[in-house]
Structures are given as C-alpha cells and as structure tokens.
Trainee: 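Before we start, here is the structure in question, set down as structure tokens.
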Amino acid sequence: EVQLVESGGGLVQAGGSLRLSCAASGFTFDDYAIGWFRQAPGKEREGVACISGSDGNIFYPNSVKGRFTISSDSAKNTMYLQMNSLKPEDTAVYYCATGVLCDIDGMDYWGKGTLVTVSS
C-alpha cells in the first residue's frame with residue numbers, strides 16, 4: 001500500500017528557509033510523477049513543484065520559481081522541497097503526492113500534509 005508522510009513544516013520568518021521531506025513506501029519513484037502541492041486557507045490546492053515520471057521534466061509555477069527546489073533520493077525513497085526566501089503568502093499546508101501526471105487530477109496518492117507558517 002502506498003504511503004506518503006511529510007515532515008519538516010513549522011514556523012519561519014519571512015526571508016527564511018525550510019526543507020520539507022516526504023518519506024514514501026509501497027512504491028518507487030522510477031516510473032511515477034512526484035510532486036508537492038499546497039493549500040492556503042480559503043484557497044484551492046495548487047501545485048508548487050513536480051517531477052514528471054515519463055521524461056523527468058520539472059515543473060514550478062511562477063509563484064515559487066527561483067525559490068523552491070524539488071529533489072528526490074531514490075536510495076531513501078524520499079522526496080524533498082527546499083524552500084528559500086519564504087514569503088507570508090507561502091503559508092499553507094504542504095502535501096506530497098504521486099501519480100501518473102504532474103497535476104492535481106493526475107495524482108493518485110497523497111500525504112496528510114505538513115503546515116508551513118511564514119510570519120512577517
């Protein structure tokens with residue numbers, strides 16, 4: 001059974017950095033898209049980073065491009081999201097996910113989320 005467990009969330013001041021981890025079990029990263037999504041209060045869930053399983057292309061939306069970096073460690077079956085230059089608008093619950101495609105509808109399995117709060 002696929003399980004994804006996020007960790008690393010917390011409170012950080014604007015301009016600071018945070019590194020999220022997602023430990024995966026029940027699957028490997030070789031053939032599937034892996035990504036990070038977030039949902040802020042009152043807003044829809046949105047993708048912030050994804051690695052395509054088909055060609056390895058990496059996606060970042062403009063809101064985080066240049067500040068966030070997705071990576072994975074196949075030996076540990078763990079994915080990461082390095083977040084730099086954090087802004088208050090980055091405050092959200094962050095979820096890792098995996099599936100066929102790098103979009104919300106293409107993701108089949110989700111972690112329970114970890115809260116990131118960025119103070120000004």
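These numbers come from a predicted model, not from an experiment.
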Trainee: Looking at CD of Gln82 and CG of Leu20, how far apart are the two atoms once the value is rounded to the nearest 0.5 Å?
Mentor: 8.5 Å

Trainee: Please state whether the rings of Tyr94 and Phe68 are parallel, tilted or perpendicular, taking 30° and 60° as the class boundaries.
Mentor: tilted

Trainee: Do Val100 and Phe27 sit in the same hydrophobic cluster, where Ile, Leu, Val, Met, Phe, Trp and Tyr count as joined when their side-chain heavy atoms come under 4.5 Å apart?
Mentor: no

Trainee: Answer whether the closest heavy-atom distance between the side chains of Tyr80 and Arg19 falls below 4.5 Å.
Mentor: yes

Trainee: Between Ile70 and Phe59, does the side chain to side chain contact (heavy atoms under 4.5 Å, CB included) criterion hold? Intermediate values first, please.
Mentor: CA-CA 9 Å; Ile70 186 172; Phe59 164 83; over 6 Å; no

Trainee: Determine, stepwise, if the pair Met107 / Cys50 fulfils side chain to side chain contact (heavy atoms under 4.5 Å, CB included).
Mentor: CA-CA 11 Å; Met107 293 296 178; Cys50 193; 3.6 Å; yes

Trainee: Between Asn77 and Ala24, is there a donor-acceptor pair closer than 3.5 Å when you use the side chain of the first and the backbone of the second?
Mentor: yes

Trainee: Quick check, are the ring centers of Trp110 and Phe37 under 6.0 angstrom apart?
Mentor: yes

Trainee: Drop me the distance from Thr114's OG1 to Leu18's CG, to the nearest 0.5 angstrom.
Mentor: 8.0 Å

Trainee: Between Glu6 and Gly113 (side chain of the first, backbone of the second, donor and acceptor by atom type, cut-off under 3.5 Å), is there such a pair?
Mentor: yes

Trainee: So do the side chains of Met83 and Val48 get within less than 4.5 Å of each other, counting heavy atoms only?
Mentor: no

Trainee: Is any side-chain heavy atom of Arg38 closer than 4.5 Å to one of Glu46?
Mentor: yes

Trainee: Quick one: does Ser52's side chain have a donor or acceptor within less than 3.5 Å of a partner on Ala33's backbone?
Mentor: no

